[in-house]
Amino acid sequence: MSSKKVYKTESGAAVHGVIAEFANPADLSHAAEKVRDAGYRQWDVYSPFPVHGMEEAMGQKPTKLPILVACLGLTGAFVGFGFQYFVRHIEYPIIHQAKPSDAWQVLIPVTFEIGVAFTAFSALLGMFIFNALPRWNHPLLRSRRFLGVSDDKFIIAIEAADEKFEPHGVRTMFEKAGAIAVELVEEEMDTVKVRAAH
Amino acid sequence: MSAINPDQTTAQRLAGMVPSPKPQRMEDPVTRDGSLVEDPAVRAPLVLGDRTFNDVTETVCGYIEKGPGRWWMPAFGLASGVAGLMPLMILYLITTGVGVWGLNNHVDWAWDITNFVFWIGIGHAGTLISAILCLLKQKWRTSINRAAEAMTIFAVICAGTFPGIHVGRIWMTWMLFPIPNANAIWPNFSSPLLWDVFAVSTYATVSALFWYMGMIPDFATLRDRAAIRLMRDGQDAETLPILNIRVDMIRARIYGILSMGWRFSARHWHTYEKAYLMLAGISTPLVLSVHSIVSFDFATSIVPGWHTTIFPPYFVAGAIFGGFAMVLMLLIPSRELFPGMKDLVTLRHLENMAKIILVTGFMVGFAYAMEFFVAWYGANKYEQDVFVYNRLIPPFFAVTGEDGQLKYAPYWWAYWAMISCNVISPQLFWFKWARQSPVAIFIVAFAVTIGMWFERFVIIVTSLHRAFLPSEWGMFFATPVDILTFVGSCGTFLTLYLLFVRFLPQFAMSEIKNVMPQANPHWEGYGHGHGHASHNPPASGAAPAGAHHAPDAPKEGL
């Protein structure tokens with residue numbers, strides 16, 4: 001890892017990676033397969049919508065988010081049930097509507113609702129955590145070409161952090177894969193620092 | 001040339017060796033809407049006008065960036081003026097007491113709970129569209145889900161107000177929640193009214209999370225468009241009147257924060273789609289539970305007319321019925337007011353929703369009939385009287401009772417308003433012209449909305465106004481405060497919806513792009529036909545510029 005070469009642009013900023021634009025989802029899928037087969041690890045595909053079959057094309061493992069959500073949802077249900085049981089039977093046992101204080105049946109609706117609430121929160125927050133979001137700033141977002149991805153552009157980015165990254169090799173591979181444009185993206189850096197480097 | 005006895009061309013087409021011809025569309029002569037495909041084997045296009053991905057972005061973002069048009073300000077002024085009635089009436093209610101409503105000792109729930117059930121029911125169609133149709137893979141939902149989810153949130157806001165203010169001593173409403181207190185008093189966990197508190201608050205929260213999650217990619221699109229304009233030289237850029245700040249700067253900031261830094265990464269999309277699916281999966285039982293629990297408020301009591309086991313499914317079907325009517329009442333005017341929206345919300349969408357109204361209308365009609373059947377079959381005198389003499393019989397068909405007095409239902413007009421709006425008016429949708437005419441759909445949707453309000457009024461007020469003893473009998477008369485509070489809640493709903501169309505993306509752009517034909521990597525326009533040599537040029541207009549053909553064939557087939 002320590003032997004990893006740091007590439008710098010003429011302005012002195014470190015290279016974040018190389019992005020390549022593709023014309024359509026079909027080309028994007030094929031290019032993703034090529035990048036996957038070339039053995040890159042620090043790379044990603046960017047598209048305005050989830051492209052069908054991209055998980056296989058990228059060789060992505062299925063996310064473990066459902067396990068987390070199931071665990072937290074069940075936790076919520078248990079907490080909800082336990083709380084009600086504590087209140088009704090332990091803290092202040094009372095018989096109303098002729099229902100014994102330890103009747104579990106009447107506790108089910110609220111248990112269900114609390115379980116649902118926990119599930120929903122863990123699905124959304126888990127999605128953020130698994131995706132390392134929120135991250136309001138990113139080197140890629142400074143590229144004008146990259147911003148087109150939120151409209152109708154299809155982009156693959158290979159990061160300089162990858163073991164096999166080499167700017168010219170990556171560019172050649174993208175061009176062979178049918179990219180319509182290839183661009184170098186700089187690492188984020190204070191403009192002050194960049195000026196100081198000159 | 002049929003699929004059963006194919007000629008050579010058809011056989012080749014079915015085997016995927018030659019491309020299918022473009023679907024023959026039946027165009028509406030007036031609107032040029034080509035979504036009404038007659039052939040059941042051909043899928044109707046979900047987006048019309050041979051739109052590109054960029055067209056979708058421009059159309060949807062244009063509504064926010066260019067503004068909805070001159071009509072918006074007057075409409076917003078009017079709606080928010082009406083909405084202002086609500087806080088005024090609530091203030092009067094709190095400072096005076098619930099006696100300002102027409103409530104009395106017999107009818108202690110009336111318009112307040114009617115409005116609550118009415119609004120919460122409307123919300124349910126939004127969740128049905130966003131969650132249940134998502135699980136059923138109904139792709140047509142993508143054009144209507146955002147507006148329907150927005151409607152859900154706003155309806156739940158209106159709904160939640162009424163139980164909050166109907167408690168009388170409003171400063172005690174915190175007792176609704178199980179908060180530890182010095183008196184060691186806890187709420188009654190075996191009461192459906194408490195279940196309701198949890199159901200409605202969970203529903204509001206989960207709907208809001210679902211809505212927000214769907215908007216994250218669209219917020220990112222709005223952020224990026226503002227950022228791109230900021231990168232350009234801003235000579236004639238739009239600025240705020242006094243502060244001299246570029247509007248795009250504010251957009252980039254606010255939409256940027258809301259988008260959580262979404263970058264449209266495929267790895268993110270993967271987790272996102274899973275999370276979205278799980279939210280849809282959990283919202284489906286949630287939406288069914290919410291209105292079931294609302295119906296328990298009535299069904300677990302012993303009041304004749306309320307004490308029925310059919311209530312949970314009856315309430316859920318009614319909620320979906322009324323909610324779809326409200327979605328249509330919002331979308332049909334939107335289609336006229338926003339340019340280009342007819343390509344996204346097509347006549348096919350409206351027709352599908354009209355069919356759902358017809359089906360759910362039958363469900364509620366069946367439930368109305370079943371109530372009578374069970375009252376007769378159950379041989380319960382009180383229940384029979386509630387249905388026949390409190391609801392059904394109008395004065396001009398009055399029956400002479402055993403004591404020689406004329407018996408008729410004082411609320412017959414409410415009952416028959418409900419029947420004609422909910423059961424009779426949707427029958428118009430048996431006719432294709434009615435299902436395909438926005439005006440006819442709007443009229444029926446309006447009738448259904450009125451009918452669904454009357455349904456709740458009938459259930460609540462007609463059951464309460466005559467209790468077991470004739471000495472407890474009395475009528476309910478709405479006061480102006482009752483009426484103006486409800487009118488104010490309609491204004492609140494409309495105000496919130498107008499703010500939504502002004503500032504938030506009305507369509508799930510990423511989802512719409514995903515159901516367009518060119519979103520599929522195997523779309524025939526990209527010319528990868530099973531590794532055969534047939535290289536088809538992209539279909540005119542619909543393909544993104546310069547569909548590049550990769551030199552080698554895909555590794556795996558379709």
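Not measured: the values here are computed from a predicted model. In what follows, chains are A, B, ... by sequence order, proteins preceding strands, each numbered from 1.
- At distances below 3.5 Å, at least one donor-acceptor pair connects side-chain atoms of B:N181 with backbone N or O atoms of B:I185.
- Note: A:D44 leads A:D44, A:T63, A:V110, A:V106 in heavy-atom pairs under 4.5 Å with chain B.
- Ionic pairing of B:D218 and B:R146 is present here: one or more N-O contacts between side-chain nitrogen and carboxylate oxygen are shorter than 4.0 angstrom.
- With a threshold of 4.5 angstrom between heavy atoms, A:Q105 does not approach chain B through any atom at all.
- Side-chain atoms of B:W195 never come within 3.5 Å of backbone atoms of A:I108 as a donor-acceptor pair (strictly under, hydrogens ignored).
- Interface check for chain B: of the options A:L107, A:L140, A:L141, the most heavy-atom pairs under 4.5 Å are formed by A:L141.
- A salt bridge is absent between A:E183 and A:R144: the closest approach of a Lys/Arg side-chain nitrogen to an acidic carboxylate oxygen does not fall below 4.0 angstrom.
- Under the 3.5 Å distance criterion, with hydrogens and angles disregarded, a donor-acceptor pair is assigned to the side chains of A:H89 and A:S101.
- Listed here is the closest heavy atom pair of A:F22 and A:A177: CE2-O, 3.7 Å.
- For a residue to count as touching a neighbouring chain, one of its non-hydrogen atoms must lie under 4.5 Å from one of that chain's; by this rule A:T119 touches chain B with the side chain only.
- Looking at A:H138, only its side chain comes within 4.5 Å of chain B, counting heavy atoms on both sides.
- Heavy-atom pairs under 4.5 Å with chain B peak, among A:G80, A:A157, A:A120, A:G126, at A:A120.
- Between chain A and the residues B:S510, B:S191, B:P192, the most heavy-atom pairs under 4.5 angstrom are made by B:S510.
- For the options B:S201, B:S190, B:G261, heavy-atom pairs under 4.5 Å to chain A are most numerous at B:S190.
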Just do the side chain to side chain contact (heavy atoms under 4.5 Å, CB included) check on A:E113 and B:S289 with the steps written out, would you?
-> CA-CA 8 Å; A:E113 301 298 338; B:S289 84; 2.7 Å; yes

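- When B:F198, B:F189, B:Y203, B:Y272 are compared by the number of non-hydrogen pairs under 4.5 Å with chain A, B:F189 comes out ahead.
- Ion pair A:D37/A:K34 not flagged as a salt bridge, since none of the NZ, NE, NH1 or NH2 atoms sits closer than 4.0 Å to an Asp/Glu carboxylate oxygen.
- By number of non-hydrogen pairs under 4.5 angstrom with chain A, the leading residue of B:V197, B:L279, B:T205, B:N188 is B:N188.
- For the set B:P217, B:G281, B:P285, B:S292, the entry with the most heavy-atom pairs within less than 4.5 Å of chain A is B:P285.
- In this structure, the portion of B:I293 lying under 4.5 Å from any heavy atom of chain A is its side chain and not its backbone.
- Contacts of A:Q84 with chain B are made by both backbone and side-chain atoms, with heavy-atom separations under 4.5 Å.
- Among the candidates B:T152, B:L288, B:L286, B:V290, the single residue satisfying the side-chain contact (heavy atoms from CB on, under 4.5 Å) test with B:T127 is B:T152.
- Heavy atoms closer than 4.5 Å to chain B are found in both the backbone and the side chain of A:V45.
- Of the atoms belonging to A:F112, it is side-chain heavy atoms, and not backbone ones, that fall under 4.5 Å from chain B.
- Contacts between A:M54 and chain B at a heavy-atom distance below 4.5 Å involve the side chain alone, from C-beta outward.
- Between the A:D162 side chain and the A:Q42 main chain, a donor and an acceptor come within less than 3.5 Å of each other.
- Classification of B:R251 and B:E65 as a salt-bridged pair fails, no side-chain N sitting under 4.0 Å from a carboxylate O.
- The greatest number of non-hydrogen atom pairs below 4.5 Å with chain B, out of A:P50, A:A123, A:A31, is found for A:P50.
- Only the side chain of B:M278 has a heavy atom closer than 4.5 Å to any heavy atom of chain A.
- Ranked by heavy-atom pairs under 4.5 Å with chain B, the first of A:I155, A:L133, A:N137 is A:L133.
- Within the 4.5 angstrom heavy-atom criterion, atoms from both the backbone and the side chain of B:T221 approach chain A.
- In terms of modelled atom types and a separation under 3.5 Å, the side chain of B:T271 and the main chain of B:R267 share a donor-acceptor contact.
- Residue A:V51 touches chain B through its side chain alone, counting heavy-atom pairs closer than 4.5 Å.
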